[in-house]
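Here is the structure we will look at.
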Amino acid sequence: EPEVTQTPSHQVTQMGQEVILRCVPISNHLYFYWYRQILGQKVEFLVSFYNNEISEKSEIFDDQFSVERPDGSNFTLKIRSTKLEDSAMYFCASGGNTIYFGEGSWLTVV
Amino acid sequence: KNEVEQSPQNLTAQEGEFITINCSYSVGISALHWLQQHPGGGIVSLFMLSSGKKKHGRLIATINIQEKHSSLHITASHPRDSAVYICAPQKTSYDKVIFGPGTSLSVIP
């Protein structure tokens, strides 16, 4: 069964610090996504990525957020200066014929 | 109006009961996903549908594209089925999925 892996599984960070969440998508997939889920709320779309550029982003994905595929295998989400309201579970997904989700990275901003 | 609606929002069932979760959506789609999320856990893809019906074990998913409606059925429910079930349509292939609000299912022994 193909698998999307995410690291770290849980991170606690101080407000204002930079955070990088990492994802290893499925190797032959071309489309990559980040979603987030604030505790008790539904999953929200952040950004989709194809051919080394952002193909779509939501209003949530402001200048504090960035994504990149630095080495052809990892897909990262960077939050430049974290805020308390960035505390959430962040899910990576990759798409081929169907979409596979990672287990998520819990981010707690204190 | 939300693009994706699910009913019921919460559901408690006795073990062994037949369960139905409904999803309606307002956008044109190429596919619809049913996803499962356990508390504090990751998201697992159960089905991807573009027409008709699919079955996997005790789970059955159906979709009516013309009526913009899909259902997820669980036969002979079991406590381990307790989770949030999410309907997530997809407008075009490789587009983002649009998450519904989820249905929280609790199956009591």
Side-chain angles (χ1 to χ4, degrees), chain A residues 1-10 21 23 25-26 28-51 53-61 67 87-108, chain B residues 1-10 21 23-27 29-51 54 56-57 59 61 63 70 83-106:
Chain A
E1 174 76 11
E3 195 174 67
V4 175
T5 56
Q6 289 186 240
T7 54
S9 57
H10 189 197
L21 304 178
C23 170
I26 291 165
N28 61 348
H29 284 181
L30 300 176
Y31 291 79
F32 314 110
Y33 313 86
W34 283 102
Y35 297 83
R36 80 169 186 193
Q37 185 178 33
I38 294 170
L39 190 63
Q41 298 185 20
K42 74 174 191 178
V43 179
E44 304 170 288
F45 167 74
L46 290 178
V47 65
S48 57
F49 191 85
Y50 170 72
N51 201 25
E53 60 182 29
I54 291 172
S55 49
E56 186 179 357
K57 61 182 181 179
S58 71
E59 291 177 355
I60 302 166
F61 195 88
V67 288
S87 295
M89 176 81 106
Y90 288 81
F91 291 102
C92 173
S94 72
N97 287 329
T98 189
I99 287 182
Y100 292 87
F101 290 87
E103 286 290 310
S105 293
W106 271 112
L107 175 64
T108 303
Chain B
K1 188 179 189 295
N2 293 324
E3 288 181 298
V4 186
E5 295 183 336
Q6 289 183 233
S7 63
Q9 186 177 353
N10 296 288
I21 299 169
C23 172
S24 58
Y25 52 91
S26 57
V27 295
I29 67 168
S30 65
L32 182 141
H33 302 259
W34 279 102
L35 309 169
Q36 181 193 56
Q37 185 179 31
H38 283 100
I43 296 170
V44 174
S45 181
L46 299 174
F47 293 102
M48 183 179 78
L49 293 160
S50 52
S51 64
K54 285 191 177 178
H56 185 248
L59 301 179
I63 189 167
S70 178
V84 175
Y85 292 85
I86 304 166
C87 168
Q90 190 177 16
K91 289 182 185 176
T92 63
S93 296
Y94 308 116
D95 198 1
K96 66 183 187 293
V97 295
I98 306 165
F99 279 79
T103 294
S104 180
L105 171 66
S106 179

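Numbered from 1 within each chain, the chains take letters A, B, ... in sequence-line order.
Ring orientation note: the planes of B:Tyr94 and A:Tyr31 are close to parallel, at an angle under 30° on the 30°/60° scale.
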Quiz prompt | Stepwise side chain to side chain contact (heavy atoms under 4.5 Å, CB included) test for A:Glu103 and B:Ile43 | solution = CA-CA 7 Å; A:Glu103 286 290 310; B:Ile43 296 170; over 6 Å; no

Practice problem: Decide side chain to side chain contact (heavy atoms under 4.5 Å, CB included) for A:Ile99 and B:Met48; before the verdict, give the C-alpha distance in whole Å, the side-chain angles of both, and the deciding distance to 0.1 Å. | Solution: CA-CA 9 Å; A:Ile99 287 182; B:Met48 183 179 78; over 6 Å; no

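In this structure B:Tyr85 satisfies the ring-ring contact (aromatic ring centres under 6.0 Å, His included) test with no other residue, sequence neighbours excluded.
In this structure, no portion of A:Ser48 lies under 4.5 Å from any heavy atom of chain B. Neither the backbone nor the side chain of A:Gln6 comes within less than 4.5 Å of any heavy atom in chain B. If you measure heavy-atom distances from A:Tyr35 to chain B, the contacts under 4.5 Å come from the side chain alone.
Looking at A:Phe45 and B:Ile98, their side chains never come closer than 4.5 Å, going by heavy atoms from C-beta outward. Side-chain contact between B:Val97 and A:Phe101: present, with at least one pair of heavy atoms (C-beta onward) separated by less than 4.5 Å.
Cation-pi contact between B:Lys96 and A:Tyr33: absent, since separation from the ring centre below 6.0 Å together with deviation from the ring axis within 45° is not met.
Atom CD of B:Gln6 sits about 9.0 Å away from atom NZ of A:Lys42, to the nearest 0.5 Å.
The local environment of NE2 in A:His10 is crowded, with over 12 non-hydrogen atoms from other residues, nucleotides or ligands closer than 6.0 Å.
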